[in-house]
2 protein chains.
Amino acid sequence: MAPSTETLTAERILEATEEVLRRYGPAKATVVDVARALGVSHGSVYRHFRTKAALREAVTERWLDRTSRALAGIAAEDRGAEGRLRDWCAALFTAKRHKAGDDPELFATYMVLIGENSAVVERHVADLVAQLGRIVGDGVRAGAFASADVPATARAVFDATVRFHDPAHARDWAHPGADAEFAALVDLVVRGLKGA
Amino acid sequence: MAPSTETLTAERILEATEEVLRRYGPAKATVVDVARALGVSHGSVYRHFRTKAALREAVTERWLDRTSRALAGIAAEDRGAEGRLRDWCAALFTAKRHKAGDDPELFATYMVLIGENSAVVERHVADLVAQLGRIVGDGVRAGAFASADVPATARAVFDATVRFHDPAHARDWAHPGADAEFAALVDLVVRGLKGA
DNA sequence: CGACTGACAAAAATTGAAATCTGTCATTCG
DNA sequence: CGAATGACAGATTTCAATTTTTGTCAGTCG
């Protein structure tokens with residue numbers, strides 16, 4: 001966009017890249033477009049990011065981290081594990097559903113980025129599962145939940161809810177029964193956590 | 001392939017179509033190829049299937065029905081609901097994993113067909129959920145499971161296990177920890193079914 | 001001196017003309 | 001007479017020529 005006299009930082013490049021991706025989509029967005037948006041030559045962008053792939057990876061990571069941070073707040077709250085778990089799952093579903101529904105094109109763009117960067121996604125998933133682990137662990141300590149292997153149980157909870165947070169299933173999130181199905185699933189999972 | 005003197009039936013066309021899809025893949029397989037394999041003109045194929053899409057849909061349906069029928073056997077067995085549920089889920093996971101692992105190219109072909117025929121897939125899913133419903137219903141009647149709404153619970157069980165039967169997650173099925181994660185998930189679900 | 005530029009080679013994407021495929025139907029074949 | 005054919009129009013795909021993009025680096029500028 002407007003050339004700027006500010007220093008060229010990785011941060012500013014990432015912002016410009018997001019903007020370019022939003023405007024042109026993942027197929028058309030080029031490094032030259034990003035450079036043009038910043039009023040610099042594309043060589044300067046390569047000073048901060050070794051390849052176009054690295055640049056896209058950094059954008060993907062930023063995007064996923066925003067979700068992570070929001071949920072970390074819920075996981076850390078000081079109250080009963082069941083309530084926190086229910087709210088955490090609901091917050092994850094709601095956040096994803098809004099991202100998918102509010103701006104489908106931008107969401108499609110991030111779906112492409114996610115497909116390109118499985119390593120980043122893996123780290124993100126590990127992060128979310130760790131958050132679940134903290135909630136489940138608290139629940140076990142307080143006697144609300146039963147689990148012989150907290151990390152494995154946390155992973156099972158994450159897996160059980162894939163349909164309501166994995167972008168691969170985004171298509172289903174709009175359909176009318178989705179909320180009821182989500183509620184039934186969370187109830188089933190919570191009952192399972194409470195033990196036999 | 002070899003021309004034949006037999007009558008041209010929908011069944012024979014479907015077999016030839018499967019063969020052509022296996023050989024050329026979903027992108028290259030044409031109606032002309034199918035006709036050539038049968039030793040007839042492509043016009044004759046159109047006598048049995050109105051469009052290429054209808055032909056592919058029929059192939060997809062056949063393929064999904066084979067899985068359905070195998071599982072229906074387990075659902076109908078005369079024994080405890082918990083064992084049947086565990087075996088049914090394991091059979092579904094194992095069957096899918098083999099299809100994906102044994103012939104990845106053919107599996108990719110069917111993934112494409114599945115993407116083209118969401119209506120067929122929806123019916124297939126409804127069928128599987130109904131089978132689960134029978135098992136869960138039996139369990140509730142026998143006092144082994146607790147559920148206020150059997151169809152909704154069956155759907156929740158199906159949803160909870162998506163990661164281990166939906167082709168969208170096929171990529172994960174090969175990884176070493178998959179079996180342990182599957183076991184942990186089924187345990188969680190079964191505990192949930194047994195009630196709080 | 002170090003951030004930035006822009007010309008360049010190699011790789012990838014786009015374009016449009018030619019070839020192929022889909023779906024129809026008047027005609028042939030048994 | 002009903003099943004099958006093959007020529008055909010319109011839609012889609014292919015392929016090679018052309019353009020654009022990526023990534024590098026010797027050289028400029030402040």
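A donor and an acceptor atom, one from each side chain of A:T67 and A:K96, are nowhere located under 3.5 Å apart. At a cut-off of 3.5 Å, with distance as the only test, no side-chain donor of A:K52 or A:T30 sits close to an acceptor on the other residue.
Comment: B:D138 engages B:R141 in a salt bridge, judged by a side-chain N to carboxylate O separation of less than 4.0 angstrom. With respect to B:D159 and B:R155, a salt bridge is recorded, a charged nitrogen being found less than 4.0 Å from a carboxylate O.
Put simply, CZ on A:R36 is 16 Å from C1' on C:dT5, counting in whole angstrom units. In this entry the distance linking CG of A:L8 with P of C:dC4 reads 5 Å, nearest Å. The distance between atom OH of A:Y24 and atom C1' of C:dT14, rounded to the nearest whole Å, is 17 Å. For the pair A:D33 CG and C:dA13 P, the interatomic distance rounds to 15 Å; values are reported in whole Å. Atom-to-atom, NE2 of A:H48 to C1' of C:dT5 comes out at 13 Å; the value is rounded to the nearest Å. Note: CG (A:L38) to P (C:dA3) measures 17 Å, nearest angstrom. Atom P of nucleotide C:dT24 and atom CZ of B:F49 are separated by 15 Å, given to the nearest angstrom. When the P atom of C:dT22 is taken as reference, atom CG of B:L55 falls 10 Å away, rounded to whole Å.
If you walk DNA chain D from 5' to 3' and mark each nucleotide with an atom closer than 4.0 Å to a heavy atom of chain A, the marks span D:dT21 to D:dT24.
Within the nucleic acid shown, B:V32 comes within 4.0 Å of at least one base atom, counting heavy atoms only. Using a 4.0 Å heavy-atom cutoff across all strands shown, A:T30 reaches sugar-phosphate atoms only and no base atom.
Taken together through direct or relayed side-chain contacts under 4.5 Å among Ile, Leu, Val, Met, Phe, Trp and Tyr, A:F182 and A:L128 form part of one hydrophobic cluster.
When the nearest nucleotides of DNA chain D are assigned to A:R47 and A:A29 by heavy-atom distance, the more 5′-ward of the two goes with A:A29. Residues B:G43 and B:K28 both approach DNA chain C. Their nearest nucleotides, taken by heavy-atom distance, put B:K28 toward the 5′ side.
Taking B:H124 as the reference, nothing meets the ring-ring contact (aromatic ring centres under 6.0 Å, His included) condition, with sequence neighbours excluded.
Crowding of B:R50 atom CZ: a count of heavy atoms from other residues, nucleotides or ligands under 6.0 Å not exceeding 12.
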